[in-house]
Protein chains: 2
Amino acid sequence: MINKKKTLLNEIKEILKSKGIKPSYQRIMVYNYIKNHINHPSVDTIFKAISGSIPTLSKTTIYNILNLFAKKGIVDTLTIDKNEVRYDFIKKAHAHFMCKICGEIYDIHLKSDVCLKDFVEGHKVEDTHVDFKGVCKECL
Amino acid sequence: MINKKKTLLNEIKEILKSKGIKPSYQRIMVYNYIKNHINHPSVDTIFKAISGSIPTLSKTTIYNILNLFAKKGIVDTLTIDKNEVRYDFIKKAHAHFMCKICGEIYDIHLKSDVCLKDFVEGHKVEDTHVDFKGVCKECL
DNA sequence: TTATAATTTGTAATCATTTCAACTCTATAA
DNA sequence: TTATAGAGTTGAAATGATTACAAATTATAA
Ligand SMILES: [Mn+2]
Ligand SMILES: [Mn+2]
Ligand SMILES: [Zn+2]
Ligand SMILES: [Zn+2]
């Protein structure tokens, strides 16, 4: 059990190193959290979730780490919610649905033609976001 | 010339009334501005643009009016830019491209399959946003 | 070990947006 | 006409997410 966890953290350590990121304990913990929480957490959510295991943790560190991860292509920065940025561990391209009632952001797996474009009307595309808003199936 | 402007403002007055909005001078001026500026202005941009013609204008009024217009379906609220909300006068569905360098937001006219959906994976869709980010043709 | 660099931390600053109470304007009733 | 009520506007203060910054801590290398 403990060995398994140790192995996992070592795996993350290697992944971070391979991306040119020095694997500090805080970075490993953030990586581990976002990898296992696909519900698009905010900085505050992540902070509350892991500050228990890192008593001295500062919220600024979470901001620093997520900005770094975004620059290195580890997370996507979602701006669907105008109140706060939400983060998404990058796997493969997918769309999102945000509920106007409960605020939950769901993954939507649809194969859209728009996700493949490198250029649109002369502009060079780096990120593509397909965002739906409305009332989720739970709130309906 | 002056008559033409008067006619225009009267037209807007009628449109607002038809949507159940009392046509105050401030509301008419904001409507007139966003109708004629398709570059997705922010609250601050709109405020700076029309405060010259309304010396007593408050920025809070712009916030109030845009929130009202959004509720009444006159404007779309764009959350592409995480720093500030941008507003779009609603015409027909279209995508957007935001430049990471200059911050400009362009209209993208593509006929996508995703814009027609009423439901996605059980969730009721009210708004659909297709947002691209990258480097615009001017900054390339 | 010691020096140097990288990372983390906590506080303060920034900035968009909202809250709120006072003020203004207009329409309508007495 | 005047009084009253409601809607809209205003400006100041509060809120809240994010960033800036400098001090403290930790890791790395000599
Ligand atoms: Mn996702
Ligand atoms: Mn547009
Ligand atoms: Zn919901
Ligand atoms: Zn540009």
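Below, chains carry the letters A, B, ... as their sequence lines are ordered, and counting in each starts from 1.
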Please determine whether a side-chain nitrogen or oxygen atom of A/S24 lies at a distance below 4.0 Å from atom OP1 or OP2 of C/dT7. no
Looking at B/T79, is its backbone amide N or carbonyl O close enough to the side chain of A/T79 to form a donor-acceptor pair, meaning the two atoms are under 3.5 Å apart? yes
Please answer: with hydrophobic residues joined when any side-chain heavy atoms are less than 4.5 Å apart, are A/I105 and A/I90 in the same cluster? no
Whole-Å distance separating the CZ atom of B/F47 from the P atom of D/dT10: 9 Å
Quickly work out the A/L68 CG to C/dT8 C1' distance and round it to whole Å. 13 Å
Side chains of B/D44 and B/I62, heavy atoms from C-beta outward: is any pair under 4.5 Å? no
Give me the atom names and distance for the closest heavy-atom approach of A/K100 to A/K133. CE-CB, 4.0 Å
Examine the base of D/dG11 for any acceptor or donor lying under 3.5 Å from a partner atom in the side chain of B/S58, and report the outcome as yes or no. yes
Does the plane of the ring in B/H37 sit parallel, tilted or perpendicular to the ring in B/Y33? Use 30° and 60° as the thresholds. parallel
Report the nucleotide, chosen from C/dT9, C/dT8, D/dT10, that has the shortest atom-to-atom distance to any side-chain atom of B/Q26. D/dT10
Output the rounded distance in Å from CG (B/L66) to P (D/dG8). 15 Å
Short side-chain donor-acceptor distance under 3.5 Å, B/D88 and B/H96: yes
Separation of C/dT7 P from A/K17 NZ (nearest whole Å): 14 Å
For B/E138, what residues pass the salt bridge (charged side-chain N to carboxylate O under 4.0 Å, His left out) criterion, not counting sequence neighbours? none
Terminal axes of the helix from C/dT1-D/dA30 to C/dA30-D/dT1 (5 end pairs apiece), angle rounded to 10 degrees, sit apart by 0°
Between B/E104 and B/C136, is there a donor-acceptor pair closer than 3.5 Å when you use the side chain of the first and the backbone of the second? no
Base, backbone or nothing for each nucleotide of nucleotides 18-30 of chain D, written B, S, -, heavy atoms under 4.0 angstrom, 5' to 3'? BBB----------
Spacing of B/I65 atom CD1 relative to D/dT10 atom P, expressed in whole Å: 8 Å
To the nearest Å, how far apart are A/I54 CD1 and C/dG10 P? 12 Å
Ring centroid separation A/F89 to A/Y31 under 6.0 Å: yes
Measure CD1/A/I28 against P/C/dT8 and give the value in whole Å, please. 10 Å
